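All of these numbers come straight from a predicted model, not from anything done at the bench.
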Amino acid sequence: MPTKEVWEKFFHPAEALGVMGLDSTVKDVVEFGCGYGTFTIPAARIIAGTIYAIDVEADMVEATRTAAASAALRNVNVMRRDFVAEGTGLKAASVDYAMLFNILHIEHPETLLKEAWRILRIGGKLGIIHWNYDPATPRGPSMDIRPKPAQCVAWAEAAGFGNLRQRNLPPYHYGIVMNRQAAPA
């Protein structure tokens with residue numbers, strides 16, 4: 001992970017969240033891998049409920065917690081947890097939006113998608129953002145593990161998501177928004 005200053009130059013978080021369908025009608029959100037809080041803080045300012053910001057790294061948890069406190073946000077619940085191995089710890093059907101941003105290059109992305117499906121309410125939104133499948137991007141996972149948009153869609157559909165909306169998030173990312181269906185496909 002690069003420094004916070006370098007990392008945040010790759011994104012326009014508030015704009016991206018709007019493009020990804022996160023607005024004031026959304027109540028509760030979970031963010032898988034909150035990092036520095038790059039998306040957590042803007043999301044907390046937009047939504048009507050709580051954002052559960054989860055990361056396995058203690059320094060990322062502390063960075064997000066500090067950012068939320070500095071912004072005087074009371075709707076950010078930061079948790080240190082290995083959500084790949086242990087899940088989120090959230091109740092089934094308890095959130096309206098799941099953010100899987102720049103994370104589906106992990107070894108078994110289906111694990112995260114199944115957990116997102118489990119904790120989303122029926123009709124809830126899944127937001128996927130990832131680096132373009134382009135070696136010219138200035139950052140991102142190696143091309144041998146970087147997922148193409150079609151791969152992310154196929155994994156999400158297999159986990160029970162539908163109603164695909166693809167988004168362009170220039171200059172370095174693509175977005176996918178889907179909804180939790182009543183049962184996995």
Side-chain angles (χ1 to χ4, degrees), residues 1 4 7-8 11-106 108-130 152 155-156 159-161 167 169 173 175-181 184:
M1 187 84 163
K4 182 179 190 290
W7 181 250
E8 291 186 351
F11 308 100
H12 303 286
E15 287 176 35
L17 291 169
V19 169
M20 296 296 290
L22 193 78
D23 59 31
S24 62
T25 65
V26 175
K27 187 174 180 215
D28 299 315
V29 174
V30 63
E31 181 178 18
F32 289 74
C34 62
Y36 295 111
T38 305
F39 290 96
T40 310
I41 303 308
R45 290 182 173 133
I46 295 168
I47 65 171
T50 299
I51 182 165
Y52 300 93
I54 309 170
D55 208 293
V56 69
E57 301 290 336
D59 54 341
M60 297 292 105
V61 167
E62 187 54 37
T64 301
R65 189 172 281 132
T66 299
S70 295
L73 294 169
R74 297 180 184 269
N75 64 335
V76 178
N77 183 343
V78 185
M79 302 181 289
R80 181 174 182 206
R81 187 173 179 93
D82 183 347
F83 51 78
V84 175
E86 304 168 0
T88 60
L90 299 175
K91 293 179 182 176
S94 63
V95 297
D96 303 299
Y97 198 109
M99 298 175 8
L100 277 72
F101 295 175
N102 296 306
I103 198 164
L104 288 183
H105 56 276
I106 67 168
H108 298 288
E110 304 89 353
T111 302
L112 297 186
L113 290 158
K114 288 176 184 175
E115 176 65 0
W117 187 90
R118 185 188 72 77
I119 62 175
L120 277 167
R121 294 179 179 108
I122 292 176
K125 292 179 185 176
L126 168 70
I128 297 169
I129 293 177
H130 220 295
C152 293
W155 295 329
F161 292 96
R167 305 289 189 239
L169 300 168
H173 294 85
I176 296 168
V177 180
M178 298 177 80
N179 294 90
R180 181 192 188 272
Q181 305 298 299

Q | Steps toward side-chain contact (heavy atoms from CB on, under 4.5 Å) verdict (Val26, Ile46) | A | CA-CA 8 Å; Val26 175; Ile46 295 168; over 6 Å; no
Q) What is the distance from atom CE of Met99 to atom CD1 of Ile129, rounded to the nearest 0.5 Å? A) 7.5 Å
Q.
Determine whether a donor-acceptor pair (N or O, by modelled atom type, separation under 3.5 Å) exists between the side chain of Asp55 and the backbone of Val61.
A. no
Q: Report yes or no: does Asn75 contribute a side-chain atom to a donor-acceptor pair with the main-chain N or O of Gly49 at less than 3.5 Å?
A: yes
Q) Are any non-hydrogen side-chain atoms of Tyr52 and Thr88 less than 4.5 angstrom apart? A) no
Q | Atom pair CZ/CZ of Arg118 and Arg180 - distance to nearest 0.5 Å | A | 10.0 Å
Q | Gap between atom CZ of Phe83 and atom CD1 of Ile103 - 0.5 Å precision | A | 3.5 Å
Q. Any sub-3.5 Å donor-acceptor pair from Asn179's side-chain atoms to Gly123's backbone N or O?
A. yes
Q.
Looking at every heavy atom in both Ala156 and Met178, which two are closest together, and how far apart are they?
A. CB-SD, 3.5 Å
Q | Nearest heavy-atom neighbours spanning His130 and His105 | A | NE2-ND1, 3.1 Å
Q | Closest contact, heavy atoms only, Gly127 versus Tyr97 | A | CA-OH, 3.5 Å
Q. When rounded to the nearest 0.5 angstrom, what is the spacing between CG in Asp59 and OG1 in Thr64?
A. 9.5 Å
**Q.** Heavy-atom closest pair, residues Ala71 and Arg45
**A.** CB-NH2, 3.4 Å
**Q.** Glu115 and Thr111: side chain donor to acceptor below 3.5 Å
**A.** no
(Q) Ignoring hydrogens, what is the shortest heavy-atom contact between Leu17 and Ala43? Give both atom names and the distance. (A) CD1-N, 3.5 Å
**Q.** Distance (rounded to the nearest 0.5 Å) between Asp23 CG and Lys125 NZ
**A.** 5.5 Å
Q) Of the options Val29, Ile54, Val76, which is the one that meets Thr40 in a side chain to side chain contact (heavy atoms under 4.5 Å, CB included)? A) Val76
Q: Take Ile47 and Asp28, measure what side-chain contact (heavy atoms from CB on, under 4.5 Å) needs, and give me the verdict at the end.
A: CA-CA 7 Å; Ile47 65 171; Asp28 299 315; 5.9 Å; no
Q) Looking only at heavy atoms, which two atoms of Pro13 and Pro42 are closest? And how far apart? A) CB-CG, 3.7 Å
Q.
Using only atom types and a distance under 3.5 Å, with no angle test, would you say the side chain of Arg167 pairs donor to acceptor with the backbone of Val177?
A. no
Q: Give, for atom CG of Leu169 and atom CE of Met20, the distance between the pair rounded to the nearest 0.5 Å.
A: 6.0 Å
Q.
Just so I know, are the side chains of Leu126 and Trp117 near enough to count as touching, which here means a heavy-atom distance under 4.5 Å?
A. no
Q. So, does Asp96 use its side chain to make a donor-acceptor pair with the main chain of Lys27 at under 3.5 Å?
A. yes
Q: Let me see the working for Phe101 and Thr38 under side-chain contact (heavy atoms from CB on, under 4.5 Å), right down to the final yes or no.
A: CA-CA 11 Å; Phe101 295 175; Thr38 305; over 6 Å; no
